[in-house]
Amino acid sequence: MEASQVETEVLIIGGGVTGTGIARDLALRGIPSIVVEKTDINAGASGGNHGLLHSGARYVSNDMHSAGECMEEGRILRDVAPQCIDDCGGMFVAVEGDDENYVADFPGFCEKNGLPCNPLSPEEARQLEPELSSRLIAAYQVEDGAIDPFMLSLENIAHAKKMGAKLFCHTRAVKFVMGARKIETVFLEDSRSGKIMTVHPQLVINAGGAWAGQIAAMAGASLTILCSMGTLLVSQSRICNGVINRLRPPADGDILVPGGTVSIIGTTSRRVDDPDDIVPTVAETDCIVSQGAGMIPVLEQVRYIRAYSGVRPLVGSAEGGSDDRNVSRGFTLVDHGKDGVDNFITITGGKLTTFRLMAEKTSDMACEKLGNKNPCVTRTEPLPSTMEGKWTEPGLAPRRWMAKPHGETDKILCECEMISEKTIDDIACELKKNNEIPDLLNIGKRSRLGKGPCQGAFCSVRVLAHMYDKGALSGNHGVDDIKAFLNERWKGQLPIFWGEQLIQAELTEAMHCGFFDLELAGDHESK
């Protein structure tokens with residue numbers, strides 16, 4: 001198959017918050033780029049996290065540098081990207097049995113790092129967060145918040161594209177052709193069509209997260225990435241008003257973050273060899289619930305609708321032991337000129353909260369290599385709100401539907417999240433503008449589709465039928481699409497099969513297998 005050619009000054013590998021943030025930063029400096037992502041936006045750690053906007057207080061005792069970065073960047077993001085943030089505040093709480101020496105030292109740690117930390121009595125804390133344990137012994141208010149990582153990435157890349165950047169999803173960098181101290185050609189493969197493209201970039205930026213080591217190896221460079229898997233649970237409803245952290249050294253099940261209409265509890269830390277092979281386990285979900293209930297007892301009774309995992313890309317040595325919480329959460333920026341490849345940069349590690357700073361430092365290095373003297377402006381330049389990002393916001397679809405003009409017909413397709421035909425049409429239109437197929441997985445990545453209690457049981461069929469009626473889909477594409485969509489939701493339900501969610505899963509199986517015979521359709525069996 002003859003390869004087609006695409007042109008760009010900079011090729012960015014990785015479509016998470018860092019990669020999309022770099023694309024926007026470079027575009028604002030007048031540098032065009034192409035971002036390639038092997039699956040879809042935020043497929044790695046950018047989509048597998050709490051959505052916590054760190055105050056820095058979590059790291060005050062063991063990682064002062066990361067604490068300071070988080071505090072400063074959190075404040076910048078509140079100014080430039082407020083539409084992506086729930087500035088709900090947070091607190092650190094201790095219960096009977098927690099290390100009282102750590103509790104006593106905490107305000108001093110915060111003061112040393114310059115982080116605001118306001119002491120509360122147990123009574124004051126429970127007034128703010130009624131679900132807190134009656135065994136509470138200490139509480140401190142901090143500047144935590146919640147951030148929507150999908151809106152963040154989608155709006156960064158949307159702004160970058162308006163200034164000339166391009167995004168290719170489902171596109172993998174499969175080969176580097178090396179020249180004299182440089183990458184001369186990069187072969188890209190479209191995973192859906194098998195089409196091969198080539199690009200001759202002046203500079204390649206590796207923003208591949210947990211896959212950064214594999215990408216670096218293609219250029220003959222060595223980079224040790226520790227893959228630390230974390231599992232989290234999603235509750236059906238919002239349990240807390242703000243972020244609640246356990247006042248102890250970082251451990252399992254010690255952070256509860258509001259996510260719009262739900263809450264997210266986590267996380268765990270487990271070393272894995274392959275970032276593509278991560279599945280939440282029953283043991284991990286049991287541990288999270290048990291640990292979390294120590295500070296919020298109702299976590300043992302609430303309904304959980306999904307579990308999911310992400311991989312933290314940590315740069316360090318495997319010789320340091322198995323506790324990845326001892327590895328710094330700072331980021332690593334590597335100029336591979338030291339490896340004999342002058343036009344190759346890697347950025348990895350870091351936090352969601354520090355993505356903008358990571359993009360700034362990476363773009364600074366890129367500009368130095370390219371001879372561009374334009375300064376970074378993302379510290380002050382507002383991130384525009386766009387159609388691409390708006391539908392990830394919890395509660396937006398119901399508000400829009402309720403506000404429709406009198407007499408306007410707009411049928412609801414997803415009852416859990418109140419997503420209507422008009423919303424689906426708007427998302428499908430934006431996908432087609434970007435040469436993406438408006439299927440369930442793509443729509444779900446850019447909206448709340450399938451994220452409610454039924455986990456796609458009903459809305460999947462309704463939305464597919466609507467897309468066929470509109471002529472957006474044809475042939476047998478929908479069969480594979482609904483299988484892939486429901487398999488993805490199933491993977492997240494499997495570790496939490498108890499109570500109402502088990503009943504829900506049995507209903508889903510009865511509908512799609514017992515009634516529709518979905519497992520018998522197509523050339524391959526549903527997993």
Side-chain angles (χ1 to χ4, degrees), residues 17-18 21 49-82 84-94 98-121 124-125 128-129 137-147 152 241-251 254-258 312 314-315 325-333 349-362 364 375-383:
V17 290
T18 305
N49 57 71
H50 279 111
L52 173 59
L53 185 67
H54 276 278
S55 63
R58 183 168 173 82
Y59 304 119
V60 291
S61 67
N62 65 346
D63 195 346
M64 292 174 60
H65 184 71
S66 293
E69 286 181 346
C70 286
M71 178 182 66
E72 182 178 358
E73 288 301 306
R75 292 173 177 174
I76 293 172
L77 292 178
R78 285 175 172 87
D79 289 336
V80 299
C84 300
I85 293 170
D86 178 357
D87 199 7
C88 56
M91 66 175 70
F92 276 72
V93 302
D98 285 341
D99 183 347
E100 295 189 13
N101 288 327
Y102 186 85
V103 173
D105 291 340
F106 181 74
F109 288 142
C110 290
E111 182 179 2
K112 186 175 182 179
N113 285 270
L115 272 64
C117 173
N118 179 40
L120 298 172
S121 69
E124 290 172 327
L128 294 172
E129 297 289 357
I137 60 172
Y140 295 91
Q141 279 184 313
V142 295
E143 293 183 345
D144 282 341
I147 189 165
L152 201 60
N241 296 313
V243 178
I244 302 177
N245 304 264
R246 189 77 169 266
L247 185 48
R248 65 183 184 186
D254 57 359
I255 306 179
L256 184 69
V257 182
R312 309 172 187 91
L314 305 176
V315 180
R325 289 191 170 95
N326 292 327
V327 182
S328 173
R329 292 316 193 245
F331 61 85
T332 297
L333 177 61
K351 302 291 298 179
L352 174 63
T353 302
T354 60
F355 91 93
R356 191 215 61 82
L357 178 62
M358 295 167 67
E360 175 184 340
K361 296 302 183 183
T362 306
D364 285 346
C376 174
V377 296
T378 59
R379 284 177 175 265
T380 55
E381 183 73 17
L383 178 65

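Residue numbers count from 1 along this sequence.
- Of all the heavy atoms in Cys110 and Cys117, the pair that sits closest is CB-CB, 3.7 Å.
- In this structure, Val243 and Pro258 have side chains that are in contact, with non-hydrogen atoms separated by less than 4.5 Å.
- Atom NE2 in His65 sits 8.0 Å away from atom CG in Asp63 (nearest 0.5 Å).
- Of the possible donor and acceptor atoms, one in the side chain of Asn113 sits under 3.5 Å from a partner among the backbone N and O of Phe109.
- Here Asp99 pairs with Asn101, Tyr102 under the side-chain contact (heavy atoms from CB on, under 4.5 Å) rule; sequence neighbours left out.
- Atoms CD and NZ, from Glu69 and Lys351 in turn, are 11.5 Å apart once rounded to the nearest 0.5 Å.
- Qualifying salt bridge (charged side-chain N to carboxylate O under 4.0 Å, His left out) partners for Glu124, counting only residues two or more places apart in sequence or in other chains: none.
- In this structure, the separation between CG on Asp87 and CZ on Arg78 is 4.5 Å, given to the nearest 0.5 Å.
- Judged as a salt bridge (charged side-chain N to carboxylate O under 4.0 Å, His left out), and not counting sequence neighbours, Asp105 has no contacts.
- Atom CG of Leu52 sits about 10.5 Å away from atom CG of Leu256, to the nearest 0.5 Å.
- Scored by the side-chain contact (heavy atoms from CB on, under 4.5 Å) test, Ala94 finds Asp98, Val103, Ile137, Ala138, Leu247 as partners (sequence neighbours excluded).
- Contact record, Gly56 with Ala67: O-CB, 3.2 Å, taken as the closest heavy-atom pair.
- A search for side chain to side chain donor-acceptor pair (under 3.5 Å) contacts involving Arg356 returns Glu73, Glu360, Thr378, not counting sequence neighbours.
- Heavy atoms only, all atoms of each residue included: Gly330 and Ser66 are closest at N-OG, 3.1 Å.
- Ala57 approaches Ser55 most closely through the heavy-atom pair N-OG, 3.2 Å.
- Taking 4.0 Å as the cut-off between side-chain N and carboxylate O, Arg58 and Asp144 do not count as a salt-bridged pair.
- By the side chain to side chain donor-acceptor pair (under 3.5 Å) test, Asp79 is found to be paired with no residue, residues two or more places apart in sequence or in another chain being considered.
- What you find for Leu128 and Gln141 is that their closest heavy atoms are CD1-NE2, 3.4 Å.
- Residues passing the ring pair (Phe, Tyr, Trp, His ring centres under 6.0 Å) test with Phe106, sequence neighbours excluded: Phe92, Tyr140.
- To the nearest 0.5 Å, atoms CD (Glu72) and OG1 (Thr354) are separated by 11.0 Å.
- Interatomic distance, Ile255 CD1 to His54 NE2, rounded to the nearest 0.5 Å: 5.5 Å.
- Under the rule for a side-chain contact (heavy atoms from CB on, under 4.5 Å), the partners of Leu333 that lie at least two apart in sequence or sit in another chain are Ile345, Ile347, Lys361, Thr362, Met365.
- Across all their heavy atoms, Phe355 and Val17 have their closest contact at CD1-O, 3.4 Å.
- By the 4.5 Å heavy-atom criterion applied to side chains, Val80 and Leu383 are not counted as neighbours.
- Only one option out of Leu357, Val315, Thr18 pairs with Phe331 in a side-chain contact (heavy atoms from CB on, under 4.5 Å); it is Leu357.
- Contacts of Arg75 classified as side chain to side chain donor-acceptor pair (under 3.5 Å), with partners at least two apart in sequence or in another chain: Glu143.
- Taking Glu111 as the reference, nothing meets the side-chain contact (heavy atoms from CB on, under 4.5 Å) condition, with sequence neighbours excluded.
- For Asn49, there are no side chain to side chain donor-acceptor pair (under 3.5 Å) partners at least two apart in sequence or on another chain.
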